[in-house]
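Note that these values count all heavy atoms, side chains included, but never hydrogens, waters or copies made by symmetry. Please read all numbers here as calculations on a predicted model, not as lab measurements. So that the names make sense, note that chain A is the first sequence line, chain B the second, and so on, each numbered from 1.
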Amino acid sequence: MNNDQTPNVSNFIRNIVKRDIESGKHDKIVTRFPPEPNGHLHIGHAKSICLNFGIAAEFGGATNLRFDDTNPLKESEDFARAIMHDVRWLGFEWNELRHASDYFQQLYEYAVHLISNGKAYVDSQDAEAMRSSRGTLKEAGTNSPFRDRTVEENLDLFERMKNGEFADGKHVLRARIDMASPNMNLRDPAIYRIRKVSHHRTGGQWNIYPMYDWAHGISDAIEGITHSLCTLEFEDHRPLYDWFLENIPAQCHPQQIEFARGNLDFTVMSKRKLRQLVEEEYVNGWDDPRMPTIAGLRRRGYTARSIRTFWKEAGVSKAESIIPMGVLENAIRNDMNENAPRLMAVLDPVKVVLTNYPEGESEILEAASHPQKPEMGSRSVPLGREIWIERGDFMEDPPRKFFRLRPGGEVRLRNAFIIQCNDVIKDSEGKVAEIHCEYDPDSRSGLPGASRKVKGTIHWVSVAHGVRAEIRLYDRLFNTANPLADKQRDYLEFLNPESLKIIMDAVVEPAVNDAQPGEFFQFERVGYFCVDPYSSSSAQPVLNRTVSLRDSWAKLNR
RNA sequence: UGGGACGUGGCCAAGUUGGUUAAGGCACGGGGUUUUGAUCCCCGCAUUCGCAGGUUCGAGUCCUGCCGUCCCAGCCA
């Protein structure tokens, strides 16, 4: 239920694909995931990845990874590498790796074809003139004075654009469609612009670069894509997508289908904003565990499976929606609950002395790695006369229904003994410094005396054996559900100042020393944590909190 | 009367060409098990599908009108 066994939910795209296969329109489907290599992938891209790769896999088709690298000003090989890594990490392998830039020559030839048929022309207006003659949403645009150049002149000019004879912005190639169209995309859209800059893959080979609309559909056609899935904002571009393919000798005509992006609350998802958070150092890089990027989620401890399951359960539709962060958190909890070995860690330690425990002695207890899965084995947990417990697990004057330790009260130490509190030692400020308890030797886990009913069970770590660790407590990046809702205020004002709390003196049971970077655990009664892949060392383990456990006690006290 | 789309319980979302009682998940409420106040297991949770009319023996599914929300005026993708 919390793995890839989750049944596929029916959605309108799957229905279209299914129908196309049953009707024989296609006997094999081909999809593509087409990121622009100008930033890192985020959880929203994961939806598209899961959809494109998932649906092709389900129907025995193939999916290409294609970089939409038509704007050399913004793109880089570094981003491309990071994207490939993230796609693979998510668990998908592409059929072929392609680039829009692989098709630059073909795209150019098709443009010449368009010009030759009088369907495109070189416009020499400047950007400002083009903008003002485009009209408005309610008024038609006006034709460019260059719209009726001869085919020969257009051909000549376009070739010279390609050859680098003109400066950036001097001319642009436009499709000749309809300046009065109610659809702004059809008002003679630009298809080539001059950019005398080096491209990360084609170098200085080109002085002109195709626009998205021109490059995308043709790339789809070249690759034999059957279903070109994209987000809702491209709905208005579909008539243009189709117009282009109808006006070139394309070998196939893919169907563009739009679906709603996936949004999450308490975060932002635009590449521009994520880049700002990184560049202005509101976070520590693209892979900061608070970021909704794939890299951030990975470092936070999210598994690829949990992300896949999350999107599978969220479904795909055309209705714009914002999914609560709690749903994503629930996905990783389910995965971790199933697969995370259990350990004990004390985040806010207070010392307990077992006064009837022999001085200088200790013992090794065996504790199951998972309460419901004996096959996951066990680990050794040392216990001595002094242990750390959570400060919050003791109260001198507790409220009703407090099941933990109190003066005179009994509590079970997880995997160990039942103890009873006899004395409380305080420091000069009245803060609890030490709690004195007696333990019941007959109540050790596994012994008959352990079956005694005790209201509460708390976790603990031996003072003599515990390992000091740095623990990073991550919380939501923003303190409001929709940081963009308030148009008067900048979204940065809603950054949660408590999104990261660092605890330097937490204590973890020694089994943590065997942990590898990236490995995850449940710290019982606390939450799910993973070993930070970069900062952690055996001398000073660093653990990131992925997500806390559900806490109905805390909820009750809210 | 610019154009394009969307509107099913708190949040997602399924609803085959109109046909008996509107899936499922999350959240929420109640109960049980439990050496994690975790997990797990039961039970409950829309007489109603943005609103108003209409067609029909029968409509969330068809028609008309209205309301609300989102997208489009980059030589970005």
> What nucleotide, of C12(B), A77(B), G2(B), holds the atom closest to the side chain of Asn71(A)?
Replying inline: A77(B)
> Since syn is defined as within 90° of 0, does G15(B) count as syn or as anti?
Replying inline: anti
Which atom pairs link the protein and nucleotides 4-11 of chain B when you take only N or O atoms and keep those under 3.5 Å?
from	atom 1	to	atom 2	distance (Å)
G4(B)	O2'	Asp236(A)	OD1	3.3
C11(B)	O2'	Ile322(A)	O	3.3

> Distance check: side-chain N/O of Asn15(A) vs OP1/OP2 of G15(B), anything under 4.0 Å?
Replying inline: yes
> Closest to the Gln522(A) side chain: A14(B), A73(B), U36(B)?
Replying inline: U36(B)
>> Closest approach to the side chain of Ser317(A), judged atom by atom: which nucleotide of A13(B), A38(B), U39(B) is it?
In response: A13(B)
>> Side chain of Phe234(A) only, heavy atoms from C-beta on: which candidate in C26(B), A77(B), G37(B) is closest?
In response: A77(B)
> Who does A13(B) pair with, Watson-Crick or G-U, both distances under 3.5 Å?
Replying inline: none
> Arg131(A) has a side chain; which of C76(B), G37(B), G74(B) sits nearest to it?
Replying inline: G74(B)
> Is Trp553(A) stacked on the base of G37(B) when the test is centres under 5.5 angstrom and planes under 30 degrees?
Replying inline: yes
>> Could you check whether the side chain of Arg342(A) and the base of U36(B) have a donor-acceptor pair of N or O atoms closer than 3.5 Å, going by distance alone?
In response: yes
> Counting any heavy atom closer than 4.0 Å, what does Thr136(A) reach on the DNA or RNA strands: base, sugar-phosphate only, or nothing?
Replying inline: base
> Taking atom P of U39(B) as reference, at what distance in whole Å does atom CG of Asn334(A) sit?
Replying inline: 9 Å
> Given atom CG of Leu73(A) and atom P of C76(B), what is their separation to the nearest angstrom?
Replying inline: 8 Å
>> Rounded to whole Å, how long is the line connecting atom CG of Asn482(A) with atom P of U69(B)?
In response: 15 Å
> For the side chain of Leu549(A), counting heavy atoms from C-beta on, which of U34(B), G29(B), U36(B) is nearest?
Replying inline: U36(B)
> Where along residues 166-174 of chain A does a heavy atom fall under 4.0 Å from RNA chain B?
Replying inline: Gly169(A)
> Given G37(B), A23(B), A38(B), which nucleotide is nearest the side-chain atoms of Val9(A)?
Replying inline: A23(B)
> Does the separation of the ring centres of Tyr108(A) and Phe158(A) fall below 6.0 angstrom?
Replying inline: yes
>> Between C1' on U36(B) and CZ on Arg404(A), what's the gap in Å once rounded to a whole number?
In response: 11 Å
>> Ring-plane angle category for Tyr491(A) and Phe478(A), please: parallel below 30°, perpendicular beyond 60°, tilted otherwise.
In response: tilted
> Where along residues 122-129 of chain A does a heavy atom fall under 4.0 Å from RNA chain B?
Replying inline: Gln125(A), Asp126(A), Ala127(A)
